[in-house]
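For reference, the structure is listed below as structure tokens.
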Amino acid sequence: MTPNRIQVLDPWVAERIAAGEVIERPASVVKELVENSLDAGATEVTVLLEGGGKQLIEVLDNGHGIAPDDLSLSMRRHATSKIQKLEDLEKLHTLGFRGEALASIAAVSELSLLSRARDLSEAYEINSQGELSAKTFGHFLGSPFGTRIQVRGLFSQIPARLKFLKAQAAEVSQVREWLERLALANPKVGFRLLSDRRPILTLRPQEESERVRAVLSDGGDYPMISATSDLGFRERLPGSLHVRIHWLQGMSLPHSRKLAQTVNGRAVRDRVLQQAFLGPFRQALLPGQFPALALFVEIDPSQLDVNVHPTKTEIRFLESRRVFQEIQALAESLIEKKGAPAWVPGPSWQASEKPFGTFQIPSSQPSFDLPPVSRSVDPAPLSQNSQTEPPPTHFLESARFVGTLFKTYLVFDAGQEMVLLDQHAAHERIRYEKLKRSVFRSELSPSQALLLPEAVHFGPELKPVLLERLKWLEKLGFEVEIFSEISVLFRGIPVEWGQDLLRVRLKNLVDRVLAESEDTATGTLSPDLKMDEALFERLASEACHSAIRAGDTLDRTEALELVRMLFQCEHPWNCPHGRPTTARLPIGRFEEWFHRRI
Ligand code: ADP
Ligand code: MG
């Protein structure tokens, strides 16, 4: 095959390829435009969407505006008012600096800019073709000056990009999430988002902690716990670092979308930062659950590189280790000082899904007091059965119940080994499989009425998605109805669900039902959708909070009944979240410790 000859790309093609780095979807347009409004000193920003942003994205602000001469330049690539020379990056105080956003947006849409600069009496408008005209325009969000940017037909010329856009509700959600992140970083600024004229988000100017609550909380009245550290930031010492964390205690979610990071006023997503503050929470929350938390870092700009990626959401610290340690220590102090939520479930390691014969006890488990058992335990004969007795129905059938250890572990003498059973994990497994059986064997699960109905909030743009999916929940045994534009009301729950931590679990459940829309490219599901196993797993893992908790002491009859029910399960060795239910200590280990053969 003869290779093609090298040729310089047509500028039209090159321009659109470059634009793709900055503008991926409506949310990236909104992010760039709102960042410009913030750089212009706006105190009010309004975003309007039509058709999820595909038809129209409009951003209005009351910032200082753009002078008519600058209007035509503003859409040129590498044209910026924010830096002049490379060294300016060292003391950057604006969100923008690459001069790429407007040029990129103009390359993939019909863009029009209307602006009145602070010292001028007239507004001017420019379109994608560069045509400039004077306008008489009344006001921008109550201010005589400001800017209005309209983006129409995003990606209409680029079908390859258009087809990657998700359903309208999912795109609006992403816009809302970006706006919320920018809003956290700028609490003094008021924000509004409307989608097809319906209000989606309204945030008035607030103090930082109020803004954190307004954005992160789901309406619940969670206590907010904050911690601050200051390494010479107030004194403006070189290399100074200032960190604040606000944590909504007691709110936990099955996703990481309520983890907000702000560095020097810039909403970022940084893995190192996330690891630093999440580490201390691992012990406090169930595996797979995340806290609701906002991190604010202020650092000497010369210690920070924000020019890592065209979208500027990635950053690099000169001394990342120091920043990491400072944040980790602060997050630790937050948990230690105030105590973790009362339902601390224990270590967050993942156990093997393997059945009994090859069950593995993880070696790096931090709070497991017993010495490590051999990694692979053969299924030993469980007791000396005489020939005539019927075979046992499960492996603890003929084991002797010794008692309860630490109010949590049931201890059994199984002849050739000691078996420990985590009563909490065991009950979770039993409950989960019972729920599963009731869903798959009979059509509807029986539900149990709630004395006080529970309301759960969701983003208003997601109402149509939720409406379509309520039947999944009904099938699981929930009695649920749409209550308002932003809430559903649970009147009944499946009998197997239990009342434990109901609020958090119902909220998680709704999140999971909605999250599904983001997995599918189109976001639409066939109306006669069948409950499949994978879907069930996703929804029902919230069942994993049992009435029997670590700390409840079971009597002998209750303990034996728990064991009997556990071993009727299809997968008795792990709870639905993957934690082991059972640990075994063979007699050989005792013989090693005490130097004797029994
Ligand atoms: P950058 O933000 O990196 O400078 P942009 O392409 O986003 O690049 O914007 C180009 C220029 O247009 C900015 O430097 C700024 O001077 C001007 N500009 C854009 N949006 C606004 C706005 N909403 N208010 C005032 N000036 C704006
Ligand atoms: Mg910009």
Side-chain angles (χ1 to χ4, degrees), residues 181 184-185 208-209 212-213 215-218 220 222-231 233 241-263 267-299 315 317 319-351 362-369 406 408 424-425 501 504-505 507-508 511 544-545 549-551 577-579:
R181 269 188 256 160
L184 278 175
E208 182 176 277
S209 59
V212 170
R213 178 180 294 284
V215 170
L216 296 189
S217 165
D218 53 15
Y222 306 98
M224 182 185 290
I225 296 171
S226 306
T228 307
S229 83
D230 190 344
L231 298 181
F233 197 81
L241 174 66
H242 182 68
V243 186
R244 299 184 297 285
I245 302 181
H246 302 288
W247 171 36
L248 283 177
Q249 196 197 22
M251 186 174 167
S252 92
L253 307 119
H255 54 74
S256 57
R257 291 201 295 273
K258 298 266 172 180
L259 297 174
Q261 308 168 6
T262 301
V263 177
V268 296
R269 270 190 171 166
D270 186 81
R271 274 179 178 277
V272 179
L273 291 183
Q274 176 154 327
Q275 277 170 9
F277 62 72
L278 269 191
F281 282 89
R282 292 247 161 75
Q283 295 295 317
L285 298 176
L286 277 171
Q289 292 290 107
F290 296 86
L293 173 153
L295 168 79
F296 295 84
V297 176
E298 245 109 25
I299 190 165
I315 43 164
F317 293 100
E319 297 175 85
S320 58
R321 181 135 201 91
R322 190 169 73 100
V323 177
F324 184 93
Q325 285 169 346
E326 187 65 17
I327 294 172
Q328 192 180 40
L330 197 66
E332 267 164 18
S333 77
L334 203 73
I335 290 196
E336 273 163 26
K337 209 165 46 191
K338 311 291 177 182
W343 48 292
V344 180
S348 59
W349 42 271
Q350 291 292 312
S363 57
S364 59
Q365 205 251 91
S367 60
F368 196 77
D369 309 291
F406 313 134
T408 300
H424 182 55
L501 286 168
V504 176
R505 286 158 63 219
K507 172 72 184 149
N508 285 350
D511 279 356
C544 183
H545 289 265
R549 305 252 235 138
H577 285 160
R579 291 189 302 263

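Ala294 and Leu216 make their closest contact through N-CD1, 3.9 Å (heavy atoms, listed as atom of the first residue, atom of the second, distance). Scanning both residues, Leu334 and Ser226, for their nearest heavy atoms gives CD1-C, 3.8 Å. The two residues Leu253 and Pro291 come nearest to each other via the heavy atoms CD1-O, 4.1 Å. Taking every heavy atom of both residues into account, Leu241 and Val323 meet most closely at CD2-CA, 4.2 Å. Residues Ser209 and Met224 approach most closely at O-CE, 3.3 Å, considering heavy atoms. Closest approach of His246 to Phe296, counting heavy atoms only: CD2-CE1, 3.6 Å.
If you take CG on Leu273 and CD on Gln261, they are separated by 5.0 Å, rounding to the nearest 0.5 Å.
Judged as a salt bridge (charged side-chain N to carboxylate O under 4.0 Å, His left out), and not counting sequence neighbours, Arg269 has no contacts. The side-chain contact (heavy atoms from CB on, under 4.5 Å) check on Ser320 picks up Phe317, with sequence neighbours excluded. Applying the side-chain hydrogen bond (donor to acceptor under 3.5 Å, both in side chains) criterion to Ser229, with sequence neighbours excluded, gives Glu326. For Arg244, the salt bridge (charged side-chain N to carboxylate O under 4.0 Å, His left out) criterion is met by Glu208, Glu298, not counting sequence neighbours. Under the ring-ring contact (aromatic ring centres under 6.0 Å, His included) criterion, Phe324 pairs with no residue, sequence neighbours left out. Under the side-chain contact (heavy atoms from CB on, under 4.5 Å) criterion, Ala185 pairs with Thr262, not counting sequence neighbours.
In this structure the side chain of Thr228 reaches within 4.5 angstrom of the side chain of His242, judged on heavy atoms. Counting only heavy atoms from C-beta outward, the side chains of Arg213 and Leu248 approach each other to under 4.5 Å.
Test Leu293, Val243, Leu330 against Phe277 for side-chain contact (heavy atoms from CB on, under 4.5 Å) and you get one pass: Leu293.
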Quiz prompt | Residue pair Leu259, Leu278: steps toward the side chain to side chain contact (heavy atoms under 4.5 Å, CB included) verdict | solution = CA-CA 9 Å; Leu259 297 174; Leu278 269 191; 4.0 Å; yes
Quiz prompt | Worked verdict on Val268 versus Val297 for side chain to side chain contact (heavy atoms under 4.5 Å, CB included) | solution = CA-CA 11 Å; Val268 296; Val297 176; over 6 Å; no
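Between the Lys258 side chain and the Ser217 main chain, no donor and acceptor come within less than 3.5 Å of each other.
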